[in-house]
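Heads up: the structure comes next, in structure tokens.
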Amino acid sequence: MIALVDCNNFYVSCERAFNPKLEGKPVGILSNNDGCIIARSEEIKKLGVAMGTPYFKIPDLIKQHNIQILSSNYALYADMSRRVMQVLSRFTPTMEIYSIDESFLDLSGFAQDLTAYGSTIAKTIKQGTGIPVSIGIAPTKTLAKLANKLAKKGIAGHRQVLDWNTLTDTNAVLQHFPVKDVWGISSGWGSRLAKLGIANTYDLKQTDPKWIRQHFGVVLERIVRELNGTPCIPMEMIAPARKQTLTSRSFGERLTQLLDLRAAVSVFASRSAEKLRTQNLCALSICVFIHTSPFDSSKPAYSNAVTIRFDQPSQDTGWLIHCALSGLARIFKPGYHYQRAGVLLPDLVPSGTQQLSLFSDEPEMDAKHGQLMSMIDNINRIHGRHTIRYASENLSAKWRMRQNMKSPAYTTSWAALPAVNVI
DNA sequence: TCTGGGGTCCTAGGACCC
DNA sequence: TCTGGGGTCCTAGGACCC
């Protein structure tokens with residue numbers, strides 16, 4: 001049996017844990033650059049605010065219902081996630097951290113009442129972190145995800161925790177479950193299936209897996225088999241190494257000057273190199289892209305990207321910035337209002353196993369660069385993220401994103417520790 | 001004025017090998 | 001008249017996830 005533990009409205013719950021005044025009120029958390037609403041409390045969902053609604057489109061609704069809006073605070077969410085996962089890991093030896101707010105727990109061989117065990121887990125998480133969770137328990141991951149959704153809504157007297165095996169008529173439940181809400185199926189496949197007469201999840205469960213494979217591929221076939229109780233998606237206890245990494249941002253204001261873009265792309269390349277070093281990876285190539293706003297039809301549109309291959313794998317900030325900037329120079333065209341840029345490292349390999357270039361500089365130079373990078377990383381870890389950086393990162397700050405309503409870094413900065421008033 | 005930022009897997013087709 | 005049988009690697013595009 002597999003349990004899926006999912007935090008309720010995770011970002012909102014993190015904010016509420018340190019700001020109880022948000023309790024009971026409609027709350028929305030914004031994406032980077034204060035663009036869209038990407039996390040919602042139950043109260044704001046009831047007001048009809050959809051996932052991904054652009055913030056600037058609903059000023060009246062916000063005023064009318066006193067909706068609380070916050071910029072996203074990823075330092076806080078990442079730290080709260082770490083705490084939740086730490087508590088969760090006490091309850092099983094085999095756990096897969098699936099996302100910032102979800103984990104699969106393998107409960108095979110647990111003899112006791114799994115609903116009661118789930119309730120204990122939920123209570124402990126809430127007490128230890130302040131975060132409310134819902135738990136679905138079932139024989140496969142797909143059914144555990146499904147049971148989790150039902151537990152969130154609450155069906156047939158089950159709320160917060162639902163053990164699939166305790167339901168008396170699962171087929172009746174599946175008949176009322178929309179296909180597009182099944183894990184791994186979205187509206188694209190959902191509407192294709194509907195056209196073929198597969199209207200609900202019970203219909204999908206009854207469909208011949210071989211027929212599904214012919215018409216949709218092996219991914220959907222696995223889902224059908226999982227709905228029938230046959231595990232096809234294994235637990236991944238050890239996170240596999242990243243295959244690519246992307247650093248990109250929308251700008252706080254549109255940029256027209258190459259200088260401003262150079263600063264942004266330098267920061268993205270530098271951040272990418274840091275990610276490589278913390279994960280012990282090297283990049284074989286770098287891709288730089290820039291584009292104008294896809295929504296603004298009043299100005300000329302332009303987008304372009306360029307990929308540069310390396311002679312040998314690298315995780316060196318100076319080299320990545322150098323290549324990123326030379327790529328940028330090749331695709332930059334004056335006269336456009338740029339909205340976003342990014343640095344993509346699409347081919348990653350483990351560091352330490354690199355094939356060296358036949359025409360490489362002295363190997364001693366590579367070693368020196370490596371020492372320089374660990375020195376910089378150490379200083380920045382002790383004294384704060386951007387204590388030492390490359391000069392080109394400082395060319396301009398015009399591109400920096402908007403974050404006008406961000407809460408303090410309650411748990412990761414001494415300066416932002418919450419104060420408690422004892423009366 | 002204003003619209004996020006990351007990822008993965010699968011498949012088909014082209015180019016090549018013996 | 002008639003033209004094999006087995007592979008690999010790479011890329012682009014499409015589908016999905018949080």
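Keep in mind that what you see is a predicted model, and the values were worked out from it rather than measured. In the text below, chain A, chain B and the rest are named by the order of the sequence lines, each starting its count at 1.
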- Can you sort out the partners of T53(A) under side-chain contact (heavy atoms from CB on, under 4.5 Å), two or more places apart, ordered by chain and number?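 Here the qualifying residues are V49(A), A50(A), I58(A).
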
With a 4.0 Å cut-off on heavy atoms, is [X] in touch with a base, just the backbone sugar-phosphate, or nothing at all?
X: R309(A); answer: sugar-phosphate
X: T245(A); answer: sugar-phosphate
X: R213(A); answer: nothing
X: F216(A); answer: nothing
X: N33(A); answer: nothing
X: E102(A); answer: sugar-phosphate
X: S293(A); answer: nothing
X: L30(A); answer: nothing
X: R254(A); answer: sugar-phosphate
X: D34(A); answer: nothing
X: K145(A); answer: sugar-phosphate

- Closest-nucleotide 5' rank along DNA chain B - winner of D296(A) and T247(A):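 Counting from the 5' end, the first nearest nucleotide belongs to D296(A).
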
- Let me know, please, whether L344(A) or I38(A) comes out on the 5' side of the other along DNA chain B by nearest nucleotide.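 Looking at the nearest nucleotide for each, I38(A) comes out on the 5' side.
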
Quiz: residues 180-188 of chain A side-chain donor-acceptor pairs under 3.5 angstrom, not counting sequence neighbours:
{"from": "W183(A)", "atom 1": "NE1", "to": "Y98(A)", "atom 2": "OH", "distance (Å)": "3.2"}

- Item | Secondary-structure stems, DNA chain B, at least 3 Watson-Crick or G-U base pairs under 3.5 Å |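 The stems that DNA chain B takes part in, listed by first number, are B:5-18 with C:5-18.
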
- Query: Does the gap between the ring centers of F110(A) and Y117(A) come in under 6.0 Å?
  - Reply: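 For F110(A) and Y117(A), the ring centres are under 6.0 Å apart.
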
- Along DNA chain B, first and last positions that approach a heavy atom of chain A under 4.0 Å: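 On DNA chain B, the outermost contacted nucleotides are dC2(B) to dT11(B).
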
- Measure from NZ or CZ of K299(A) to the centre of the six-membered ring of Y336(A), then state whether that distance is under 6.0 Å and the direction lies within 45° of the axis.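 No.
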
- Ring-face cation contact, F216(A) with R192(A), 6.0 Å cut, 45° max: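 Yes, cation above the ring, under 6.0 Å and within 45°.
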
- Message: Going by salt bridge (Lys or Arg N to Asp or Glu O under 4.0 Å), name the residues that satisfy it together with D347(A), two or more places apart in sequence or in a different chain.
- Response: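 With neighbours one apart ignored, the set is empty.
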
- Message: Going by side chain to side chain donor-acceptor pair (under 3.5 Å), N9(A) matches just one of E15(A), R40(A), K45(A). Which one?
- Response: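 Single side chain to side chain donor-acceptor pair (under 3.5 Å) partner of N9(A) among E15(A), R40(A), K45(A): K45(A).
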
- Task: Would you list the pairs meeting side-chain hydrogen bond (donor to acceptor under 3.5 Å, both in side chains) in which at least one residue belongs to residues 57-69 of chain A, sequence neighbours left out?
- Result: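 Non-adjacent pairs meeting side-chain hydrogen bond (donor to acceptor under 3.5 Å, both in side chains): N66(A)-Q68(A).
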
- Passing option when L345(A) is tested against T247(A), L246(A), L284(A), L276(A) for side-chain contact (heavy atoms from CB on, under 4.5 Å):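 Output: one option passes, namely L276(A).
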
